[in-house]
Amino acid sequence: MASFGFQLLKRTLGNRSAAARFFSSAPYTPIRATLFPGDGIGPEIAESVKQIFKAAEVPIEWEEHYVGTEIDPRTQSFLTWESLESVRKNRVGLKGPMATPIGKGHRSLNLTLRKELNLYANVRPCYSLPGYKTRYDNVNLITIRENTEGEYSGLEHQVVRGVVESLKVITRQASLRVAEYAFHYAKAHGRERVSAIHKANIMQKTDGLFLKCCREVAEKYPEIKYEEVVIDNCCMMLVKNPGLFDVLVMPNLYGDIISDLCAGLVGGLGLTPSCNIGEGGIALAEAVHGSAPDIAGKNLANPTALLLSGVSMLRHLDLHDKADKIQNAILNTIAEGKYRTADLGGKAKTTEFTNAIIDHL
Amino acid sequence: MATTRSIPLLKRLIGKQPSRSVTYMHRPGAGSPRPDGSPRQVTLIPGDGIGPLVTNAVEQVMEAMHAPVYFEKFEVHGNMKKFPEEVLDSIRRNKVCIKGGLATPMGGGVSSLNVFLRKELDLYASLVNCFNMKGLPTRHENVDIVVIRENTEGEYAGLEHEVVPGVVESLKVITKFCSERIASYAFEYAYLNNRKKVTAVHKANIMKLADGLFLEACREVAQKHPDIQYNEIIVDNCCMQLVSRPEQFDVMVTPNLYGNLVANTAAGICGGTGVMPGGNVGAEHAVFEQGASAGNVGKESMVKKKTANPVALLLSSAMMLRHLQFPSFADRLENAVQRVILDGKVRTKDLGGSNTTQDVVDAVIKALG
């Protein structure tokens, strides 16, 4: 993440590159970052993150924003315009889980964020955590998912009673963008292979266009191997031998399903970090699990996902020593096994787990 | 129904004395082929890739069992412009077909013939039975999932067009009629096969109208079957649960695309494409093929070295025999296959062995007893 973070900062933050260098040499000037605690268990785990970051002396000043209770007409959702402007200004953010009600007539909160901030790629590294054993041991892959179009365009209508159509839109521009990012990421992190996942044998024009774009970008990176895998084959191979994959790039719907499948391979959403990359170098790290309203407020939640996402946010900001310190503390705590939250099979409370990590720092 | 009562009885009889001959009162004339109009005549389409290998395996085993099933073979290949009329007529006449996979050229102008066949014959339900086989070690235990997938509409409607250069749209169509049909089929299946729970897989939090309509249909049908448990799960959560705790699922009903993914994931969990049986059924016809659609055509190396796994198609042909109302033959075949897998001595590459297709066929024929 080191060279990549620095390159990204240099490339996209143009006139702020001098400031970036200044920040990395004088880590005590605080960086402003937007924090969305979210719903349900969100506030508890956000609190956990804030405590650990403070204990590790991370120079971040959090600007907290909450989800509103009424629909803001400027954004067509419960998120206010001010929250979105804050992320645009600060360029980094950390987001907790936000609940999406099923079947109502407004835009989902996550989709709103993605569309308004133009977060076009969702990057989810999945690796088996040392010390936490699941049925799959050799997982080490990254899923990169196109985040703005595809099946989630939100364009649906009822043709006549009892017949509904939903549009899946694939554009050359978005596919090229995400393919570029995928190969760039692979190169920056020393990954050897990029696999494009598709269903072009059935959806020939749409996934065909996506594949064409991926092939074009692949030609520019001859040192990285490129392959195409049909999605049902991919699912089968992931379940039988996940070690076969390296970097996966895919359109929206498949990306959603496959990235959750991979999260399941390593231990569930409670442990998976995720980062959304937007145009202009915006990075919004988020915890991808749900808001778990049934355990909200009971001090039982597992903050690992939000913590690891916070770590990836630190890497994006080039604060690698802090990121490594916190990540090692988390991994050691989990590996030790004395303090584990309920979803990992232990009995510790959120606060106990947090304190254990602070001790390990 | 006679079949539901006689199966457990026969299983008990067969289980205790593996070499006892089965009491089967046949209809007079069942030992010799009837020219046409007979429900026991079955269309056979070898297909592409490993298709001919595995369908040949089925033919051999049927022959060895003296099963009263007669095959009408037709050559169809995935790169044909359209499905030959004579084959369609044959299937319409025989009502039952067993086939290998048809290769679909990637991204070309030809649409998949597999999908075409399903739409043309209105085979609206695709069924894949994924279960742990004894003697086949997998990472998960106690799995027995049946995935029932809507087969005609949804994302596979094939309605795509280029709006302007560089922008392509694909229509996903969901209708109340098709959703109701598939939900009814799923609940009926659960009722007839003594299953306790039906789970609907959807993504209605994002695709509110489309998957919302599907769920509405499922809920209505669920109300008519109060003794079968019903719940709903979002597709990404479902995949995650499948890899961590698959034993919680029983019967799953899904729209087209999700069904493809869920069925292949579930098949992968239980041992792979080589062992899972499946079929497509409509109001009037039934086509049986390998359960999981991945690897339907297999790899070049498998075709050359003849190491394709025939178990999936053999178990599908057992399902076909039950469909044709020959439960005793179906049981014999299934027991033989299960015994071969349990023994573990003869296995193809995907199960960790190094035998060829023919070896497995020979072992199954020997185990028929």
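Lettering of chains follows the sequences in order, A, B, ..., and the numbering in each one begins at 1.
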Trace of the side-chain hydrogen bond (donor to acceptor under 3.5 Å, both in side chains) decision for B:Thr273 with B:Gln290: CA-CA 7 Å; B:Thr273 26; B:Gln290 252 177 263; 4.9 Å; no
Does any backbone or side-chain atom of [X] lie under 4.5 Å from a heavy atom of chain A? Answer side chain, backbone, both or neither.
{"X": "B:Val173", "answer": "both"}
{"X": "B:Leu242", "answer": "neither"}
{"X": "B:Leu261", "answer": "both"}

Under 3.5 Å, is there a donor-acceptor pair between the [X] and [Y] side chains?
{"X": "A:Asn276", "Y": "A:Asn147", "answer": "yes"}
{"X": "B:Glu169", "Y": "B:His161", "answer": "yes"}
{"X": "B:Asp211", "Y": "B:Tyr258", "answer": "yes"}
{"X": "A:Glu227", "Y": "A:Ser195", "answer": "yes"}

Could you tell me whether A:Lys168 and A:Asp207 make a salt bridge, using a distance below 4.0 angstrom between a side-chain N and a carboxylate O?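 Looking at A:Lys168 and A:Asp207, the cut-off is met.
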Between [options], the one whose heavy-atom pairs under 4.5 Å with chain A are most numerous:
{"options": "B:Ala263, B:Cys239, B:Cys238", "value": "B:Cys239"}
{"options": "B:Asn237, B:Val243, B:Leu159", "value": "B:Val243"}
{"options": "B:Glu180, B:Lys203, B:Met207", "value": "B:Met207"}

Relative to each other, are the rings of A:Tyr181 and A:Tyr120 parallel, tilted or perpendicular (30° and 60° limits)?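 Because their plane-to-plane angle is over 60°, the rings of A:Tyr181 and A:Tyr120 count as perpendicular.
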Using non-hydrogen atoms only, which part of [X] is less than 4.5 Å away from chain B: side chain, backbone, both, or neither?
{"X": "A:Tyr254", "value": "side chain"}
{"X": "A:Ile257", "value": "both"}
{"X": "A:Leu253", "value": "side chain"}

Considering only heavy atoms and a distance below 4.5 Å, find which of [options] pairs most often with chain B.
{"options": "A:Glu149, A:Lys205, A:Arg172", "answer": "A:Lys205"}
{"options": "A:Leu167, A:Val163, A:Thr206", "answer": "A:Thr206"}
{"options": "A:Gly264, A:Ser259, A:Gly268", "answer": "A:Gly264"}

Would you find more than 12 non-hydrogen atoms of other residues, nucleotides or ligands less than 6.0 Å from B:Asn142 atom CG?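 Incorrect, the count does not exceed 12.
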